[in-house]
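Quick note: numbers below take in every heavy atom, side chains included, and nothing from hydrogens, waters or symmetry partners. Throughout, protein chains are lettered first and strands after them, A, B, ... in sequence-line order, and every chain is numbered starting at 1.
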Amino acid sequence: MSRVIAPRTPKGFRDFLPETMLRRSYALDRIREVFHLFGFEPIDTPILELHETLFGKYGEDAEQLIFTAQHGRSAKDPLAMRYDLTVPLARLVGQYESQLNLPFKRYHIAPVFRGERPQRGRYREFWQCDADIVGAASMSADAEIIIMMHEILKRLGFPQFIIKINHRKLLTAIGEYSGVPQDKLADLYRSVDKFDKIGAEGVQKELIERGIDAAAVSRMMDLIQSREPGGDSLDRAAKTIGGGDNGLAELRELAELLADASIADEHYDFDFTMVRGLGYYTGPIFETVISQPNLGSISGGGRYDNLIGMFRRQSLPTTGTSFGIERIIDLMDELDLYPPHLGGTLVQALVTVFSEETRRASTRIGGQLRAAGINTEVYLGRRKLGRQLAHADKKGIPIVVIVGPDEIAAGVVKLRRLRDGSEATVPEAGLARAVGEFLSNC
RNA sequence: GUGGAUGUAGCUCAAUGGCAGAGCACCUGAUUGUGGUUCAGGCGGUUGAGGGUUCGAGCCCCUUCAUCCACCCCA
């Protein structure tokens with residue numbers, strides 16, 4: 001006898017059983033419906049891209065996390081697994097430009113792969129839900145993205161959330177204003193990004209440890225901490241660092257557009273401590289925070305006007321957002337944001353089978369229920385009725401349709417609602433409507 | 001990549017260096033047309049793996065693997 005192979009998945013890769021998949025599908029459906037509502041259309045691309053498509057876009061640190069792939073008999077085109085959905089979009093736009101109408105609004109819901117060490121809410125295969133607008137330079141595109149993020153968070157049921165907004169150019173301007181040298185800017189952003197976690201003192205301490213001049217640090221701290229509601233923090237920043245191409249004018253325009261869309265002040269915040277990791281952003285950047293329980297950000301995004309230029313003679317201004325479904329699911333589990341009817345199964349009715357002699361009758365009745373749009377399971381084993389009821393109960397199927405010799409002889413079926421044990425005997429002709437009524441009271 | 005914790009039945013966890021256990025789950029019956037409750041019985045283990053110390057190791061030591069947590073980074 002050969003030995004059994006230990007059944008396991010690779011590190012950071014997961015299986016999903018039905019109960020989990022139902023919750024994931026629910027969240028993805030809510031996100032997808034908002035994408036549709038805003039006029040975004042679906043695309044898909046291969047999991048594998050050519051090595052040259054992915055490398056050179058993210059920065060050295062990130063690229064160490066890219067899974068590479070090869071096939072023994074065709075090794076001449078090095079392959080890699082997609083790291084996000086943004087670079088594949090850029091490639092796709094470069095490749096099919098003539099078939100796309102600009103501005104091109106697409107969404108893409110698919111798995112991506114990063115070779116990081118797994119942790120809670122963080123895996124090596126995870127799903128992203130991206131929506132981007134290609135070929136629109138105006139702030140109304142960025143505003144539309146933010147308004148859509150707001151709608152998604154509302155529909156997922158998060159009671160409190162904040163969309164933080166910052167600007168790549170403002171980060172640069174802040175660094176210059178405080179006199180932080182060019183080669184320390186990356187350190188600066190990294191520390192500033194930890195503001196929520198380690199506080200002002202922590203950031204200050206870390207920056208000084210990294211060799212940034214104390215005077216420059218304190219000038220900068222004053223500026224980035226100017227947290228005031230709505231556009232007021234923009235006014236204050238403008239007073240300090242003045243005009244120029246520092247993103248403040250664009251953020252002000254965004255603020256007006258968000259106000260026009262009646263997005264409540266409490267749901268967005270111009271936060272100069274928010275930094276996005278990926279290197280390709282060029283304009284406004286966004287990130288969503290749900291404060292408790294703290295799992296980090298669940299969505300992010302921003303404007304990246306140059307990326308598509310890597311696959312096309314001329315670049316196209318692009319802005320978009322990405323939702324990470326894994327953290328969303330963890331948070332929704334923790335806050336129990338699922339509707340009550342979302343149980344462990346999608347089966348709505350189980351048709352019992354009394355004996356092999358009556359199986360055909362049960363199959364016929366199951367067919368009628370399915371024709372009426374009711375998710376139906378006809379019992380496939382040979383066990384006594386009690387066991388069939390136990391099966392329904394354990395799976396969480398709300399209704400059992402009992403079809404025995406007595407019922408068949410009388411041309412009726414018996415319905416039983418498991419939640420309260422109530423029963424009804426109905427003629428076969430009125431079955432679907434009776435099940436529908438039972439279901440609506442579940 | 002760095003540091004820490006934990007690995008015992010399908011799951012959650014017990015067990016001074018001295019006979020490997022409990023609860024849940026599962027199976028059978030009480031109950032041949034009615035689930036959840038109850039009762040009785042049953043199945044279930046190379047204590048993650050490999051080595052060492054010891055009369056004796058689930059427990060101590062070493063190695064290794066896995067998982068979790070905190071960093072790094074990020075969804």
Heavy-atom nearest nucleotide on RNA chain B for Q128(A) versus E407(A): which residue maps closer to 5'? E407(A)
For Q119(A), which contact category applies under a 4.0 Å heavy-atom criterion: base, sugar-phosphate, or nothing? base
Ring centers of Y107(A), F40(A) separated by less than 6.0 Å: no
Secondary-structure notation, RNA chain B, from Watson-Crick and G-U pairs under 3.5 angstrom (| other strand): (((((((..((((....[..)))).(((((.......))))).....(((((..]....))))))))))))....
Residue pair P78(A) / T68(A), side-chain heavy-atom distance below 4.5 Å: no
For F323(A), report the nucleic acid contact type (base, sugar-phosphate, nothing); a contact means any heavy atom under 4.0 Å. nothing
When you look at D132(A) and T318(A), which way does the side-chain hydrogen bond (donor to acceptor under 3.5 Å, both in side chains) test go after all the steps? CA-CA 7 Å; D132(A) 293 82; T318(A) 302; over 6 Å; no
What nucleic acid atoms does K395(A) come within less than 4.0 Å of, heavy atoms only: base, sugar-phosphate, or nothing? nothing
Nearest-Å distance, CD (E116(A)) to P (A70(B))? 14 Å
Checking all strands, does I402(A) fall into the base, sugar-phosphate, or nothing category for heavy-atom contacts under 4.0 angstrom? base
Need one value for Q388(A): base, sugar-phosphate or nothing, where a base atom within 4.0 Å counts as base even if backbone is also close, heavy atoms only. nothing
Passes salt bridge (Lys or Arg N to Asp or Glu O under 4.0 Å), K57(A) versus D84(A)? Steps please. CA-CA 11 Å; K57(A) 317 292 185 298; D84(A) 65 13; over 6 Å; no
Is K384(A) side chain donor-acceptor paired with the U34(B) base, going by distance under 3.5 Å alone? no
Listed by chain and number, what are the side-chain contact (heavy atoms from CB on, under 4.5 Å) partners of D336(A), not counting sequence neighbours? Y338(A)
Students often get this wrong, so: under 4.0 angstrom with heavy atoms, is E125(A) touching a base, only sugar-phosphate, or nothing? nothing
With centres under 5.5 Å and planes under 30°, do F126(A) and A75(B) count as stacked? yes
Just to confirm, is there a sub-4.0 Å distance from OP1 or OP2 of U67(B) to any side-chain nitrogen or oxygen of R117(A)? no
Tabulate protein N/O versus nucleotide N/O from nucleotides 35-42 of chain B, keeping only pairs under 3.5 Å, one per line.
unit_1, atom_1, unit_2, atom_2, d
G35(B), O2', D393(A), OD2, 3.4
G35(B), N7, R416(A), NH2, 3.0
G35(B), O6, R416(A), NH2, 2.6
G35(B), N1, L418(A), O, 2.4
G35(B), N2, D393(A), OD1, 2.9
G35(B), N2, L418(A), O, 2.8
G36(B), O4', D393(A), OD2, 3.1
G36(B), N2, R419(A), O, 3.3

Check this one for me: any side-chain N or O of K11(A) less than 4.0 Å away from OP1 or OP2 of C65(B)? no
